[in-house]
Amino acid sequence: MSLQNLDKEKLNLILKTSEGFPAQLASSQADVFNGKLRSSTFGHALTQHLRGVAPTVKKTKFCSLHDMATALDLVLKTPEGISALQKLPSSKRETVKAQIAQIFDIEAELATNPPQKAKFTRADLAKAGIFRIGCRAILEYRTRGLEPHLHVQSFFPELGSLEITRILAAQSRP
């Protein structure tokens, strides 16, 4: 898929074609460091960022591919996303971190024993006072023939433990 004229439909197709290709080791996990969720240095299959796939620990995921494509479109339109696309070297990965002013249904693995999955709806996030969400994308640019193509190695929403605690508290309120 060309880097030119990216829109939600093209990003949806990019995400669908990226689903089956592991970024690196399939057994890796995200980690919590200083109260923030960060991706593992080992990588994992993009499908692990969607609800209903293999169990993962300490992760946040979009609940639908459509939401994921919409969020990626918004991230790529931020100054950080535009800058990353402009300087993306061929066959190298670039990490983009950006805040977007739209919220989505998110699934998270809670640090309980045993770990439990929790789904946070848009209403849950709004009730907790969260109206912007941080996202992290790992992008790679490759050339096929003479045409550049974008590959999404990883893309997920970032919620810190403080935000998750706020959401859980808001869920328990009537």
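When a residue number appears, it is its place in the shown sequence, counting from 1. Side-chain atoms are counted along with the backbone in the values below, which use heavy atoms only and exclude waters and symmetry mates.
Between Phe62 and Phe104, the ring planes lie perpendicular to each other; the angle is over 60°, past the 30° to 60° tilted range.
By the 4.5 Å heavy-atom criterion applied to side chains, His151 and Tyr141 are not counted as neighbours. With contacts defined as side-chain heavy-atom distances shorter than 4.5 Å, the pair Lys117/Lys61 qualifies. Side chains of Gln153 and Leu139 form no contact here, defined as non-hydrogen atoms less than 4.5 Å apart. Side-chain contact between Lys97 and Glu158 is present, with heavy atoms from C-beta onward closer than 4.5 Å. No side-chain heavy atom of Ile133 sits less than 4.5 Å from a side-chain heavy atom of Gln102. The closest side-chain heavy-atom distance from Ile100 to Arg132 is not below 4.5 Å. Counting heavy atoms from C-beta on, the side chains of Glu94 and Lys87 come closer than 4.5 Å. You'll find the side chain of Ile138 stays beyond 4.5 Å of the side chain of Val152, heavy atoms only.
The line from CG of Leu125 to CD1 of Ile106 is 5.5 Å long, rounded to the nearest 0.5 Å. How far CZ of Arg173 is from CG of Asp124: 10.5 Å, rounded to the nearest 0.5 Å. In this structure, Leu76 CG and Thr78 OG1 are separated by 7.5 Å, a value rounded to the nearest 0.5 Å. Atom CG in Asp7 sits 7.0 Å away from atom CG in Asp73 (nearest 0.5 Å). Residue Phe155 holds its CZ atom at 6.5 Å from CE of Met68, rounded to the nearest 0.5 Å. The CD atom of Glu109 lies 10.5 Å from the CD1 atom of Ile164; values are rounded to the nearest 0.5 Å.
Using a cutoff of 4.0 Å between basic side-chain nitrogens and carboxylate oxygens, Lys119 and Glu107 are not scored as salt-bridged.
Within the 3.5 Å criterion, the main-chain N or O of Ala170 finds a donor-acceptor partner in the side chain of Lys127. Not one N or O on the side chain of Ser154 forms a donor-acceptor pair closer than 3.5 Å with the backbone of Ala137. The main-chain N or O of Glu80 is never found under 3.5 Å from a side-chain atom of Ser83 such that the two would form a donor-acceptor pair. Side-chain atoms of Thr70 come within 3.5 Å of backbone atoms of His66 as a donor-acceptor pair (strictly under, hydrogens ignored). When atom types are taken as modelled, the side chain of Asp105 and the backbone of Arg122 share a donor-acceptor pair closer than 3.5 angstrom.
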Checking side-chain contact (heavy atoms from CB on, under 4.5 Å) for the pair Arg136/Thr95: CA distance, chi angles, key distance, verdict?
CA-CA 7 Å; Arg136 183 183 302 237; Thr95 300; 3.8 Å; yes
Gln171 vs Leu168, side-chain contact (heavy atoms from CB on, under 4.5 Å): CA-CA, chis, key distance, verdict
CA-CA 5 Å; Gln171 279 182 329; Leu168 290 170; 3.6 Å; yes
Step by step, would you call Leu88 with Lys92 a side-chain contact (heavy atoms from CB on, under 4.5 Å)?
CA-CA 7 Å; Leu88 196 60; Lys92 301 282 185 188; over 6 Å; no
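Heavy-atom minimum distance, Phe120 versus Ile167: CD2-CG2, 3.3 Å.
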